[in-house]
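Scope of the values below: all heavy atoms of this structure, side chains included, with no hydrogens, waters or symmetry mates. Residues take their numbers from the sequence shown, with the count starting at 1.
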Amino acid sequence: MTNQEMIDEINKLKKEKNAVILAHNYELPEIQDLADFVGDSLGLSQQAAKVDADVILFCGVHFMAETASIISPNKKVLIPDLDAGCSLADSITADELRKWKSENPGAVVVSYVNTTAEVKAETDYCCTSSNAVKIVESTPKDKTILFGPDQFLGRYVAAITGRDIKIWKGSCHVHEKIGEIDFDKKLEENPNADFLIHPECGCSTSCMLKSSLYDCNIKIYSTEGMINHVKNSETNEFVIATEVGILHRLKKLRPDGKFTPMSEDSICEYMKMITLDKVLSAFKYDQHIVKVPEALAEKARIPIERMLEVV
Ligand code: 13P
Ligand code: SF4
């Protein structure tokens, strides 16, 4: 079957099943082009909560499909490949979080949305990269915060808010490595570019501090924040520090733009597991259903809904 034949068949089945296709900004170009909505973790959660459909076909990683199942329990949620995981979500378990909480009684738990449903069920507030600062600022000022699992986002949020934050030592294997890149050399090579950095990058806090020392435009953004910045920027040169899948949307948005990835090797192999043939099989054979058991979903829904109320 050619790609176009697969796309036609997918669209036919999507209609028959009254389904929507949601895709993350890191998905393959052909998957992004097929989707009804492409966005960051926050945008995808908001869409999953409000979308009017019987089936959500989630082109992203497992925790994202789980989040959709938690907030839309009456919809069928499909993920085309069950092995599409996330190294960051794997960096904390519910048992580890329970132990951390017991060592810090009275602390407020803020967990990144890149976590399993079990971890969310032990969490007070969820956050994403686009709202972490806002969420932390919305918690009572006198409370210690346990922030996890991403240490780099945690450090960034602590530096901005000045709050008493204990940080879990987890990380994303793709973004952590971006911290090892010679930032000063990139700046020398791209003196007129805006530098857009994802807060999961190992260099996010040092980059933020550099922006006040150097004469350059460095911004820390979620993936959708980067899209919005590029859409509205007067510049047309950008250095992008995140997974390279986002370049597809950025280039479509600004054909006049010069986009330089901070690292061309920043590829999330989990996101790239979602392919056209697997999307077609997902619709054809109703696979793979992601359903969080209701007793667990009830607990995991609380921190997600708190987050969605704040933003
Ligand atoms: P965003 O919410 O910024 O899209 O990030 C999700 C993610 O998995 C980053 O690696
Ligand atoms: Fe997880 Fe990193 Fe992939 Fe995002 S890029 S889904 S944080 S492994």
Side-chain angles (χ1 to χ4, degrees), residues 3-4 7 10-11 14 20-48 50-51 56-61 64 113-114 128-133 153 172 174-175 178 181 183 186-187 189-201 203-204 207-208 211 216-268 270-272 274-276 279 311:
N3 275 5
Q4 193 52 53
I7 291 166
I10 289 166
N11 284 328
K14 187 180 85 171
V20 287
I21 300 179
L22 306 184
H24 188 264
N25 286 321
Y26 298 157
E27 288 296 313
L28 290 166
E30 59 273 27
I31 299 292
Q32 294 191 30
D33 292 344
L34 182 73
D36 297 295
F37 177 86
V38 186
D40 66 357
S41 310
L42 177 63
L44 291 167
S45 312
Q46 287 167 329
Q47 285 296 321
K50 72 177 185 201
V51 83
I56 296 175
L57 191 139
F58 215 110
C59 297
V61 294
M64 295 178 174
V113 73
N114 298 42
T128 73
S129 55
S130 72
N131 60 27
V133 168
L153 178 65
C172 152
V174 180
H175 287 85
I178 297 179
I181 287 159
F183 179 84
K186 273 273 177 238
L187 187 58
E189 290 165 358
N190 301 276
N192 302 316
D194 284 357
F195 280 68
L196 311 184
I197 318 274
H198 197 279
E200 279 174 32
C201 293
C203 61
S204 59
C207 283
M208 182 192 80
S211 68
C216 64
N217 200 9
I218 302 175
K219 301 276 185 202
I220 313 294
Y221 282 131
S222 75
T223 56
E224 201 61 24
M226 292 180 185
I227 301 275
N228 289 329
H229 178 95
V230 165
K231 206 187 281 174
N232 301 316
S233 177
E234 284 172 15
T235 333
N236 68 348
E237 282 184 47
F238 307 92
V239 174
I240 306 293
T242 192
E243 210 272 355
V244 294
I246 196 171
L247 295 171
H248 177 63
R249 237 183 118 195
L250 292 174
K251 285 176 184 167
K252 266 171 73 175
L253 201 62
R254 287 285 301 268
D256 65 319
K258 179 185 166 223
F259 297 97
T260 307
M262 190 73 108
S263 153
E264 300 206 352
D265 303 331
S266 298
I267 297 169
C268 175
Y270 301 115
M271 289 281 183
K272 300 326 188 217
I274 310 299
T275 52
L276 282 178
V279 172
V311 291

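Closest heavy-atom contact between Ile21 and Cys59: CG2-SG, 3.8 Å. Nearest heavy-atom pair across Leu276 and Glu30 is CG-CG, 3.9 Å. In terms of heavy-atom proximity, Leu44 sits nearest to Ala23 at CD2-O, 3.6 Å. Taking every heavy atom of both residues into account, Pro261 and Phe259 meet most closely at CD-O, 3.8 Å.
Remark: Leu57 CG to Leu34 CG distance equals 8.5 Å, nearest 0.5 Å. Atom SG of Cys268 and atom NE2 of His24 lie 9.0 Å apart (nearest 0.5 Å). In this structure, NE2 in His229 is found 12.0 Å from CD1 in Ile227, a value given to the nearest 0.5 Å. Considering CG of Asp194 and CD1 of Ile197, their distance stands at 10.5 Å, rounded to 0.5 Å. Taken from CD1 in Ile240 to OG in Ser263, the straight-line distance is 13.0 Å, to the nearest 0.5 Å. A distance of 9.5 Å separates CD1 of Ile220 from CG of Leu196, quoted to the nearest 0.5 Å.
Take Asp256 and apply the side chain to side chain contact (heavy atoms under 4.5 Å, CB included) test, not counting sequence neighbours, and it matches Asn236, Arg254. For Ser130, the side chain to side chain contact (heavy atoms under 4.5 Å, CB included) criterion is met by Asp40, Leu42, Thr128, Ser222, not counting sequence neighbours.
The side-chain heavy atoms of Cys207 and Phe195, taken from C-beta on, include no pair separated by under 4.5 Å. Side chains of Met226 and His198 form a contact here, defined as non-hydrogen atoms less than 4.5 Å apart. Looking at heavy atoms from C-beta onward, Arg249 lies in side-chain contact with Glu224 at the 4.5 angstrom threshold. With contacts defined as side-chain heavy-atom distances shorter than 4.5 Å, the pair Gln47/Lys50 qualifies. Looking at heavy atoms from C-beta onward, Met271 lies in side-chain contact with Val61 at the 4.5 angstrom threshold. Using a 4.5 Å heavy-atom cutoff, the side chains of Asp33 and Lys252 are in contact. Contact check for Glu243 versus Thr223: no side-chain heavy atoms found under the 4.5 Å cut-off.
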side-chain contact (heavy atoms from CB on, under 4.5 Å) for Val244 and Ile267? Distances and angles first, verdict last. CA-CA 6 Å; Val244 294; Ile267 297 169; 3.7 Å; yes
Going through the checks in order, is the side-chain contact (heavy atoms from CB on, under 4.5 Å) test met by Thr235 and Asn217? CA-CA 10 Å; Thr235 333; Asn217 200 9; 5.6 Å; no
Yes or no on side-chain contact (heavy atoms from CB on, under 4.5 Å) for Phe238 and Val230, after CA distance, side-chain angles and deciding distance? CA-CA 8 Å; Phe238 307 92; Val230 165; 3.9 Å; yes
Test Glu200 against Asn114 for side-chain contact (heavy atoms from CB on, under 4.5 Å), laying out the working first. CA-CA 11 Å; Glu200 279 174 32; Asn114 298 42; 4.0 Å; yes
Report the C-alpha distance between His175 and Thr242 in whole Å, list the side-chain angles of each, state the deciding distance to 0.1 Å, and finish with yes or no for side-chain hydrogen bond (donor to acceptor under 3.5 Å, both in side chains). CA-CA 6 Å; His175 287 85; Thr242 192; 2.8 Å; yes
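In this structure a side-chain-to-backbone donor-acceptor pair under 3.5 Å is present from Gln32 to Asn25. In this structure, the side chain of Ser45 engages the main chain of Ser41 through a donor-acceptor pair within 3.5 Å.
Environment of NZ in Lys186: crowded, with over 12 heavy atoms of neighbouring residues, nucleotides or ligands closer than 6.0 Å. Summarising the local packing, CD of Gln4 is surrounded by more than 12 heavy atoms from other residues, nucleotides or ligands at distances under 6.0 Å.
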